[in-house]
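Since the structure comes first, as structure tokens, the remarks are kept for the end.
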Amino acid sequence: MIHWKTLAAAGALAFGLGQTAQSAQAATNIELYFPVPVQGKLANKMKSLMEAFNKAHPDIDATAVYTGSYDETNLKTRAAIRAGNPPAAVIMSANFILEYQINNEIQPLDPMIKADGMTDKSFMDQYWQALHGNAEFAGHVWAVPFQNSTPLLYLNVKAFKEAGLNPDNPPQTWAEWADAAKKLTKRDGNSVSQYGLMMPGNYDYLGWIVSALDMSNGGQYYNTDFGGEVYYDQPSMLGAVRFMHNLVFKDKVMPQGVTNAKDVSTSFFAGKAAMVVLSTGALSFVRDNMKDNFRVAFLPGHLRHAVAIGGASLMMPKGLSPAKQEAAWTLIKWLTSPKVAGEWSRFTGYFAPNKGAYDLPEMKDFMAQHPNAQVALKQLAYAHPWFATYNTVAVRKALEDQVQAVLSGNETPEKAVKAAQAKADQLMAPYVAQTALKLPD
Amino acid sequence: MTDVMTTNDRVLPVRRARRRGARGRVFPALALLAPSLVFLILFTYWPMLQSLIQSLSIQSFGSTQTTFGFGNFQRLFADPGFRQAAVNNAVYAAGTILPAIALALALAVGLQEATGLNTLLRGVVFFPVLIPLVAAAALFSFVFLPGVGLLDYYLAKFGASQTNWLGDPSIALWSLIGLTVWKNAGYYMLFFLAGLQAIPEDLYEAARMEGAGTLARFRRITLPLLGPTLAFVFVIALINSVTQIDHVVLLTQGGPSNSTNLLLYYIYQQAHQNYDYGLAAAATVVTLAMLLSLSVISLKSLERGAHYES
């Protein structure tokens with residue numbers, strides 16, 4: 001046994017060395033930084049995609065470097081740029097792209113789009129409209145969408161039937177939603193054996209959920225054209241936060257305090273939560289772990305149906321040699337092509353940003369077999385760009401800290417949105433001073 | 001007692017002699033130290049110096065100019081987030097150090113005799129030390145699950161209702177403290193066990209002959225003679241309470257509402273989420289200064305106390 005393994009390893013090593021020696025002759029070496037939420041399956045899939053790319057492009061030798069979570073990838077990319085050795089391409093959380101543009105660290109893609117005989121518009125038209133905002137702004141195209149998601153309502157079919165609700169007719173409005181949650185909550189004296197509704201309250205996820213509720217309430221959350229403004233202290237946001245407060249303290253259908261995404265999915269699997277809000281990116285994960293029947297639906301709306309997109313785009317740091325830039329552009333186009341995007345989408349559960357992916361026969365088969373994936377795709381028509389400002393993470397956290405206090409009963413919604421606004425304004429002040437408030441002398 | 005005194009008397013002249021001889025052998029000593037010194041300078045003292053310089057340099061968005069001053073420190077002390085992280089860290093330090101040391105000391109004294117059962121029990125108590133903090137945190141994310149987690153499952157048998165261990169701002173820090181005590185007590189026990197071996201048995205025999213009870217023997221012999229060990233363990237625990245934050249990263253990210261934000265995580269947030277390197281460096285300098293002075297004070301005072309008693 002040991003013999004066989006050693007031999008195989010030696011063989012693989014020799015083969016690998018031979019290959020590197022061969023391709024090193026003329027091929028352009030480029031690196032792609034990529035994050036995956038869960039290491040293992042997805043990282044291996046990315047490796048195999050990269051092998052296929054290198055085989056199809058003998059003049060390019062692309063290596064995929066696994067760089068951890070979205071946040072860690074952001075960190076490592078910044079460090080590499082500061083050290084003067086940037087990767088040729090990065091799969092970056094779509095709402096971090098703006099900060100690279102603000103800091104002048106990212107390559108606009110327009111020259112390459114033009115060289116391909118396309119216009120910015122015809123290029124971006126290949127992708128769903130909702131994804132444009134985080135990729136094309138300030139007059140240029142900065143990134144190409146790669147994997148995207150929106151928040152969805154997941155419901156337990158059995159629990160719905162037990163409560164006398166029709167799972168084929170999920171709640172559409174906040175009124176129906178709160179009503180269904182009340183019917184779905186099972187009390188056992190003082191304790192609750194089944195909550196009607198749960199949503200992730202941990203950092204990052206919470207900001208995304210609150211932005212969806214705010215947008216459903218007619219809000220904008222942030223200024224899509226200027227990274228120095230957020231709309232926290234506004235009626236639309238106040239309504240959204242009050243709605244969450246009511247679910248916890250008035251209707252008592254949602255647990256008090258912060259429930260992180262893992263607790264939410266575990267509770268859903270264990271039948272302790274009848275409805276949960278999770279990402280479309282969790283579809284495959286829920287499908288693999290849920291014993292009971294489940295269904296997904298649009299996030300209920302109040303003044304309108306609206307959600308924010310999430311996910312990641314491909315971007316290219318500044319300072320690459322022309323050869324590397326060209327190789328990186330080839331890789332970016334290949335990864336976002338209908339065929340590859342579709343394959344990645346079927347494997348991960350994210351939807352494919354490239355509309356063309358859904359015209360391919362293998363994708364049509366997949367969608368016919370998975371009605372839940374259809375719901376996720378249809379909700380895209382109501383999706384908006386993802387919150388991005390100067391200092392995105394801290395500005396988002398300013399709101400999240402306050403909403404967490406509301407969910408814990410330590411703060412009123414009115415005071416919370418005011419405090420969040422004040423903190424956010426303070427965080428964005430240096431940028432605002434250098435932009436909107438920097439006037440001609 | 002006299003035994004200890006004589007050893008001390010003997011040690012002092014030797015030390016003095018060594019110091020005198022060292023003057024003539026500075027070069028070989030330096031040469032022998034060089035390899036570790038080079039790495040210490042490269043990876044410890046140089047970065048410390050850089051942090052100090054960074055903490056005094058003031059950069060602002062949209063300008064490439066750097067000025068020097070105490071602006072970063074002013075901003076740091078004005079930031080309620082920093083104050084909260086410092087208070088949290090103080091609570092966390094007190095909450096982890098005292099119980100963990102008391103527990104470790106009790107376990108060490110209780111499991112002092114090397115019987116078969118004790119060896120087994122020592123192994124059981126030591127087990128959490130073998131698990132990396134990251135893995136322990138991953139494990140406890142299931143223990144702490146509200147309603148369905150291990151903790152709530154057993155508490156429910158006693159009629160307790162479910163608790164949001166990590167999601168309630170008033171409980172979350174204490175949950176992390178509990179996890180840390182569980183993780184570290186076995187480690188500290190090891191030091192106390194070693195310390196106990198060094199206490200001569202005849203002291204106990206003499207005490208017994210003079211009719212001292214268990215408690216008196218512990219108070220008059222064990223505790224004073226464990227002084228240096230206690231000082232050492234205290235400093236280690238203090239450093240741990242500032243530098244070991246894997247569980248914060250994994251379980252709470254400092255939340256809810258900053259209730260579990262500790263100093264090191266605050267520094268991380270400033271540097272890597274807000275790109276405010278000046279503030280991060282200032283917080284680093286303040287934290288290091290506090291840690292260093294606390295360590296020196298505790299080592300000095302506890303060691304002095306130990307000598308006085310003996």
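Lettering follows sequence order; numbering is per chain, from 1.
Heavy atoms of A:A270 lying under 4.5 Å from chain B belong exclusively to its side chain. Only the side chain of A:Y195 comes within less than 4.5 Å of a heavy atom in chain B; its backbone stays farther off. Of the atoms belonging to B:S259, not a single heavy atom falls under 4.5 Å from chain A. Neither the backbone nor the side chain of A:K438 comes within contact range of chain B; no heavy atom of the residue lies under 4.5 Å from a heavy atom of that chain. With a 4.5 Å cut-off on non-hydrogen atoms, B:Q269 touches chain A through its side chain but not through its backbone. If you measure heavy-atom distances from A:D204 to chain B, you find no contacts under 4.5 Å at all. Heavy-atom distances place both the backbone and the side chain of A:P430 under 4.5 Å from chain B. No part of A:Q426 comes within reach of chain B, as not one of its non-hydrogen atoms sits under 4.5 angstrom from that chain.
Surrounding NZ of A:K158 are at most 12 heavy atoms belonging to other residues, nucleotides or ligands under 6.0 Å away. No more than 12 heavy-atom neighbours from other residues, nucleotides or ligands sit within 6.0 angstrom of OH on B:Y153. Open room surrounds CZ on A:R82; 12 or fewer heavy atoms of other groups in view lie less than 6.0 Å from it. Within a 6.0 Å sphere centred on OH of B:Y187, other residues, nucleotides and ligands contribute 12 heavy atoms or fewer. The number of heavy-atom neighbours closer than 6.0 Å to NZ of A:K415, taken from other residues, nucleotides and ligands shown, is 12 or below. Atom CZ of B:F127 is surrounded by 12 or fewer heavy atoms from other residues, nucleotides or ligands within 6.0 Å. Applying the 6.0 Å contact sphere to CZ of B:F77 captures more than 12 heavy atoms from other residues, nucleotides or ligands.
In terms of heavy-atom pairs under 4.5 Å with chain A, the best-connected choice from B:G254, B:P256, B:A271 is B:P256. Top candidate by heavy-atom pairs under 4.5 Å with chain A, chosen from B:D168, B:L166, B:N164, is B:N164. Per-residue counts of heavy-atom pairs under 4.5 Å with chain B were compared for A:N103, A:N104, A:V393, A:N260; the largest is that of A:V393. Top candidate by heavy-atom pairs under 4.5 Å with chain B, chosen from A:E99, A:Q434, A:R78, is A:R78.
Here the side chain of A:Q404 pairs a donor or acceptor atom with the backbone of B:S257 at under 3.5 angstrom. Here the side chain of A:D263 pairs no donor or acceptor atom with the backbone of B:P146 at under 3.5 angstrom.
B:Q273 and A:D71 get closest at one heavy-atom pair: NE2-OD2, 4.4 Å. Contact record, B:P169 with A:S408: CD-OG, 3.0 Å, taken as the closest heavy-atom pair. Closest of all the heavy-atom pairs between A:V192 and B:Q162 is O-OE1, 4.0 Å. Closest non-hydrogen pair, B:N258 versus A:Y203, comes out as N-OH, 3.2 Å.
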